[in-house]
Structure formats: structure tokens, C-alpha cells
> 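Have a look at the structure that comes next, please.
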Amino acid sequence: MGMPRHDPIGTLPAQGRPNVVEIDAPAIAHARFSIGDVVRHRLFDFRGVIFDVDPVFANTEEWYEAIPEAVRPRKDQPFYHLLAENMDSSYVAYVSQQNLVVDDSDEPVDHPAIAGLFDDFTDGRYALRREHRH
């Protein structure tokens, strides 16, 4: 018999392995959009630029329950923070991936916070200011 097999990334079954804890965590979907992308809401008439991404739902249960059940998105998908605008105002929105589509208008978003986060608008997307990059 040789040495026990080393499993640094947890690919062996947890049963029978000492000191292994199984975690019941939601699956994380691949984010379709990136920071700086300009997107539109699939159902409602607003658009915005993405300034942050949560791999899965990370807002309050109260916020989630306030969404009408017929259009309530799944929690196990990326959610995006947007500097958003509609015909009447600008605001911050939190939107599920299933409810976003690419905005192909090539028009900049008119939101007062854009200048604080982004440098310029080129080829339909915004470049994050250097001081905000990791």
C-alpha cells in the first residue's frame, strides 16, 4: 500500500475522509456581464452601467419578497448593481442576470455617479477608473 492520495481541491467524496466538512452552498453561475457594461432591463424600461456584481443574490429577504411572485427571479444567479436611468430619473438598481440584456444603442448612460467610478465611454462600455481597480 502506498501513501494516501492527497486531495487538495476536494474532488474525492467526503464520506470516509476525516476532518472534511461538506458545505451546503448555492451553485454559482457564470456572470454574463462585466463591470462597465451597459445593459437594459428585459421587462422594464430602464438601462444602466454595471458597477458591481454579486455571484448570487445578496440583498435582503424583504427586498426579494417585495418583487411580485410572477416576475421574481431565482436567487442562484448573478445579480448586478447598476447606475440606472429611465425617462424620468437616475438611480441605483439591483437586477438579476435573467432580467438583463446587452444595450446596443452605443449611447452613454446619464447618471451623476458615473464620473466618480468610470473614466471614459468607448465602444459601448465604460472603463473603470484606475483607483477603483483591484
Side-chain angles (χ1 to χ4, degrees):
M1 303 220 43
M3 297 281 293
R5 187 169 157 200
H6 180 61
D7 184 24
I9 58 171
T11 57
L12 297 174
Q15 299 84 0
R17 292 192 311 176
N19 302 323
V20 174
V21 177
E22 289 188 24
I23 298 173
D24 184 24
I28 297 175
H30 176 71
R32 199 176 308 145
F33 306 106
S34 300
I35 292 173
D37 287 350
V38 178
V39 293
R40 287 189 171 284
H41 196 282
R42 185 182 304 274
L43 304 173
F44 304 114
D45 191 23
F46 71 87
R47 60 194 290 269
V49 59
I50 295 170
F51 70 91
D52 198 9
V53 183
D54 293 334
V56 293
F57 179 79
N59 207 333
T60 66
E61 224 20 65
E62 180 181 60
W63 182 93
Y64 186 75
E65 293 295 326
I67 300 169
E69 195 169 344
V71 295
R72 193 176 297 155
R74 299 179 333 273
K75 290 182 176 181
D76 64 343
Q77 62 182 311
F79 276 72
Y80 299 86
H81 300 260
L82 308 177
L83 298 177
E85 68 174 356
N86 61 24
M87 295 296 287
D88 301 320
S89 65
S90 58
Y91 50 97
V92 173
Y94 190 65
V95 186
S96 65
Q97 182 163 274
Q98 76 186 56
N99 285 322
L100 291 177
V101 295
V102 173
D103 179 276
D104 56 7
S105 70
D106 286 329
E107 294 291 323
V109 174
D110 185 22
H111 192 287
I114 286 178
L117 290 174
F118 299 99
D119 274 331
D120 51 318
F121 180 71
T122 307
D123 296 328
R125 69 180 321 273
Y126 285 89
L128 196 59
R129 294 176 69 89
R130 182 174 304 282
E131 62 265 26
H132 297 297
R133 295 181 199 161
H134 298 319

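In this text the structure is predicted, and so the values were computed from the model without any measurement. Heavy atoms only: backbone and side chains are in, while hydrogens, waters and symmetry mates are out.
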> Do any side-chain atoms of residues 108-116 form donor-acceptor pairs under 3.5 angstrom with protein atoms, and if so which ones, sequence neighbours left out?
residue	atom	partner	partner atom	Å
H111	ND1	A113	N	3.0
H111	NE2	Y91	O	3.2

> Any pair with a residue in residues 55-73 that passes side chain to side chain donor-acceptor pair (under 3.5 Å), sequence neighbours left out, goes on the list, sorted by first then second residue, please.
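Every side chain to side chain donor-acceptor pair (under 3.5 Å) pair that includes a residue of residues 55-73, provided the two are not neighbours, is E61-K75.
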> Run the side chain to side chain contact (heavy atoms under 4.5 Å, CB included) test against D123 and tell me which residues pass, sequence neighbours left out.
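In terms of side chain to side chain contact (heavy atoms under 4.5 Å, CB included), with neighbours along the sequence ignored, D123 is linked to no residue.
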> Output all residues satisfying salt bridge (Lys or Arg N to Asp or Glu O under 4.0 Å) with D37, sequence neighbours left out; order by chain, then residue number.
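Partners of D37 by the salt bridge (Lys or Arg N to Asp or Glu O under 4.0 Å) criterion, ordered by chain and then number, come out as R125.
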> Sort and list the pairs that fulfil salt bridge (Lys or Arg N to Asp or Glu O under 4.0 Å) and have at least one residue in residues 79-99, not counting sequence neighbours.
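Listed once each, the pairs are R47-E85.
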> Once rounded to the nearest 0.5 Å, what's the spacing between atom CZ of R32 and atom CD1 of I50?
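Those atoms lie 10.5 Å apart.
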> Holding to side chain to side chain contact (heavy atoms under 4.5 Å, CB included), I want the full list of residues that pass it with Q98, two or more places apart in sequence or in another chain.
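Counting only residues at least two positions away or on another chain, Q98 forms a side chain to side chain contact (heavy atoms under 4.5 Å, CB included) with P73, R74, Q77, S96.
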> Rounded to the nearest 0.5 Å, what's the gap from CG on N99 to CZ on F44? Could you check?
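Spacing of CG (N99) from CZ (F44) equals 7.5 Å.
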> Just to verify, what does F118 make a ring-ring contact (aromatic ring centres under 6.0 Å, His included) with, not counting sequence neighbours?
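With neighbours one apart ignored, the set is Y126.
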> State which residues pass salt bridge (Lys or Arg N to Asp or Glu O under 4.0 Å) with R40; sequence neighbours excluded, sorted by chain then number.
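For R40, the residues satisfying salt bridge (Lys or Arg N to Asp or Glu O under 4.0 Å) (neighbours in sequence not counted) are D103.
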> What distance do F79 atom CZ and D52 atom CG have between them, rounded to the nearest 0.5 Å?
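Between atom CZ of F79 and atom CG of D52 there are 13.5 Å.
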> Using the side chain to side chain contact (heavy atoms under 4.5 Å, CB included) criterion, which residues pair with V71? Sequence neighbours excluded.
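So V71 forms a side chain to side chain contact (heavy atoms under 4.5 Å, CB included) with L43, I67, P68.
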> Tell me, do F33 and L82 make a side-chain contact under 4.5 Å, heavy atoms counted?
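When only atoms from C-beta onward are counted, L82 and F33 do not touch, as no gap falls below 4.5 Å.
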> Ignoring hydrogens and geometry, is there a side-chain-to-backbone donor-acceptor pair from Y94 to A58 under 3.5 Å?
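Yes, the answer is positive, given that a donor and an acceptor are paired below the 3.5 Å cut-off.
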> To the nearest 0.5 Å, how far apart are CD in Q97 and CG in D54?
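Rounded to the nearest 0.5 Å, the CD-CG separation comes to 12.0 Å.
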> Go through the structure and list residues passing side-chain hydrogen bond (donor to acceptor under 3.5 Å, both in side chains) with T122, not counting sequence neighbours.
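Testing T122 for side-chain hydrogen bond (donor to acceptor under 3.5 Å, both in side chains), a comparison that skips the adjacent residues, returns D120.
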> Please tell me if the side chains of L83 and V92 come closer than 4.5 Å, counting only heavy atoms from C-beta onward.
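SC-SC contact between L83 and V92 confirmed.
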